[in-house]
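Each chain gets a letter, A, B and so on, in the order the sequences are listed, and its residues count up from 1.
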Amino acid sequence: MKVESVRGMRDILPEEAPLWQRLEAEIRATFALYGYREIRPPLVELAALFSRGVGETTDVVHKEMYVFPDKKGLKLALRPEATASVVRAYVEHGLYAKGDLAKLYYMGPMFRYEKPQKGRQRQFHQYGVEALGSLDPALDAEVIDLASFLMERLGLRREGLLLRLNSIGCAGDRVGYREALRQHFLPRASELCADCQRRLAENPMRILDCKQPQCQPAIRSAPKSVDHLCDACRHHFQQVREHLDALALRYGLDHTLVRGFDYYTRTVFELASRELGAQDALLGGGRYDDLVELLGGPATPGVGFAGGMERLVLVLQAQRGEQTDETPELACCVVPIGDEARKKAIELLARLRRAGVSADMEYMGRSLRKAMQVAGRRARYALIVGPEELEQGQVKVKDLATGEQRLLELQEFSAAPEALRSRFPR
RNA sequence: GGGAGCGUAGCUCAGUGGCAGAGCACCGCGCUGUGGCCGCGGUGGUCGCGGGUUCAAAUCCCGUCGCUCCUCCCA
């Protein structure tokens with residue numbers, strides 16, 4: 001049997017893990033600043049949750065979802081996105097009963113059966129927020145502000161980002177809008193690509209998304225969703241834009257932005273990077289005022305966004321390339337000389353760790369010179385434990401940055417943790 | 001889903017029919033108990049996998065798996 005990872009599923013190795021940890025910490029801190037609390041739904045849900053919530057005809061559900069039967073034949077799915085899961089949890093646990101706005105965030109792996117390439121894996125990671133319970137357009141703007149602020153904190157230059165905005169109206173508006181699109185595209189069907197001819201029957205809004213050159217003329221002259229909004233939706237969109245202006249958030253209106261999931265209503269937006277190549281979408285989101293009710297809860301509006309972590313890691317890696325961080329991982333490396341000293345060294349090593357001094361030892365049977373070399377790479381200090389020192393009741397501490405050496409009494413290892421720790425300043 | 005390129009040592013890659021290589025990394029020695037520089041030596045490979053052509057295949061052909069890029073879709 002050949003052991004290798006499954007296509008599209010990759011290991012995040014220790015080398016890369018600190019970057020992920022930093023990214024995760026930055027995301028959590030930012031979400032907390034905006035009053036969001038973490039929710040951790042399971043990775044596996046009933047497949048029906050997504051076919052109903054996200055939409056049976058969406059690419060993500062009908063082409064890309066991992067679906068499998070469990071031992072009882074129950075149709076399960078690895079989550080392709082998390083909004084449906086969060087809303088399911090919201091309904092299932094009656095979070096609405098608290099009569100307040102629920103501000104929830106999540107972070108974790110998602111699964112889509114796609115062709116892998118740079119910045120796109122089959123198991124990938126998303127972070128996102130969901131604000132459930134308010135129709136306030138200020139909340140739409142806040143969610144966009146949050147997304148934008150997070151990118152700033154991660155050091156993405158504003159000029160490198162592109163915020164696209166649109167409103168696709170409420171369910172009622174879309175009935176009329178779809179009809180208008182159908183009337184527009186039907187006489188031009190022969191100009192459209194094969195995919196779009198199919199979309200014309202299934203979901204004409206999808207045509208707006210098409211990038212095929214042959215479809216562009218018909219798309220450019222197509223009716224705009226913003227011209228088919230009811231009074232309430234038009235007012236809402238106007239308010240969102242005013243709030244964005246007040247927050248000095250720059251955006252471009254994109255009448256072809258319709259997003260890939262069926263649950264969106266009214267505000268939809270996307271943030272892309274100009275510096276990422278083909279997979280340039282950083283995050284996307286919008287309002288979904290019908291989803292809670294659709295999944296069995298009371299009519300409750302919602303707004304949120306989700307972003308991909310792989311792409312942020314790519315951006316952060318590019319940034320890191322310019323600077324070098326040479327802080328050693330450990331405070332101390334214990335280097336014993338001889339078998340007798342080694343026994344004592346193991347004891348001292350345990351004491352260091354209990355005092356909060358990160359420390360490790362040579363386990364590979366390397367020569368003293370080699371052990372010192374490794375210590376020089378991994379740690380700030382080398383603790384040399386040899387027969388000569390032990391005879392005096394001492395060990396030697398070498399500062400590997402300066403080369404200075406001093407002696408340390410063995411009694412010091414029995415002192416208070418803070419005292420011992422102070423002997424190894426980083 | 002469609003198109004193109006690439007898989008050779010842990011890493012980066014050279015080798016394009018004739019003994020599988022270099023640099024870096026790793027280990028040892030010079031320097032018997034002290035790292036970073038230098039020098040010398042060494043370990044390490046089913047040449048992604050399977051089949052075919054050939055006296056002979058890392059090299060040519062077919063298939064397959066994986067990665068990368070474009071397209072598509074998206075995060």
Asks: Determine the contact category for A:L282: base if any of its heavy atoms lies under 4.0 Å from a base atom, sugar-phosphate if only primed atoms, P, OP1 or OP2 are that close, otherwise nothing.
Replies: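 Here A:L282 touches the backbone only, sparing every base.
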Asks: Just to be sure I understand the rule, does A:R7 reach a base, reach only the sugar-phosphate, or reach nothing, if contact means heavy atoms closer than 4.0 Å?
Replies: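 Result for A:R7 = sugar-phosphate.
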Asks: With a 4.0 Å cut-off, would you call A:E152 and A:R158 a salt bridge?
Replies: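 Counted as a salt bridge, because a side-chain N and a carboxylate O are separated by less than 4.0 Å.
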Asks: Decide yes or no, distance alone: a donor-acceptor N/O pair under 3.5 angstrom between the base of B:rA75 and the side-chain of A:E114.
Replies: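 Result: at least one qualifying N/O pair found.
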Asks: For the P atoms, the ones on B:rA9 and on B:rA20, what distance do you get once it is rounded to whole angstrom?
Replies: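 One P to the other, the span is 15 Å.
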Asks: Less than 4.0 angstrom between a side-chain N/O of A:Q373 and OP1 or OP2 of B:rG36, yes or no?
Replies: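 Yes, because at least one side-chain N or O of A:Q373 sits under 4.0 Å from OP1 or OP2 of B:rG36.
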Asks: Check every strand shown and say whether A:G338 touches a base, only sugar-phosphate, or nothing at a heavy-atom separation below 4.0 Å.
Replies: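 Nothing, no heavy atom under 4.0 Å.
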Asks: Write down the distance separating the C1' atoms in B:rC19 and B:rA56, rounded off to the nearest Å.
Replies: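 Result for the C1' pair: 12 Å, nearest Å.
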Asks: Considering every strand and a 4.0 Å limit on heavy-atom distances, what is the contact class for A:R378: base, sugar-phosphate, or nothing?
Replies: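 Here A:R378 touches no strand at all.
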Asks: Using whole Å, what does the distance between atom C1' of nucleotide B:rA75 and atom NZ of A:K115 come to?
Replies: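 Whole-Å distance recorded here is 19 Å.
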Asks: Among residues 197-216 of chain A, which residues get a heavy atom nearer than 4.0 Å to RNA chain B?
Replies: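 When residues 197-216 of chain A is checked for heavy atoms under 4.0 Å from RNA chain B, the hits, listed by number, are A:D209, A:C210, A:K211, A:Q212.
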Asks: Any salt bridge between A:K396 and A:E389, counting N to O under 4.0 Å?
Replies: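 Salt bridge flag = yes for A:E389 with A:K396.
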Asks: With no angle test and no hydrogens, is the base of B:rA75 tied to the side chain of A:R112 by a donor-acceptor pair under 3.5 Å?
Replies: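 Under the 3.5 Å cut-off, the side chain and the base do form a donor-acceptor pair.
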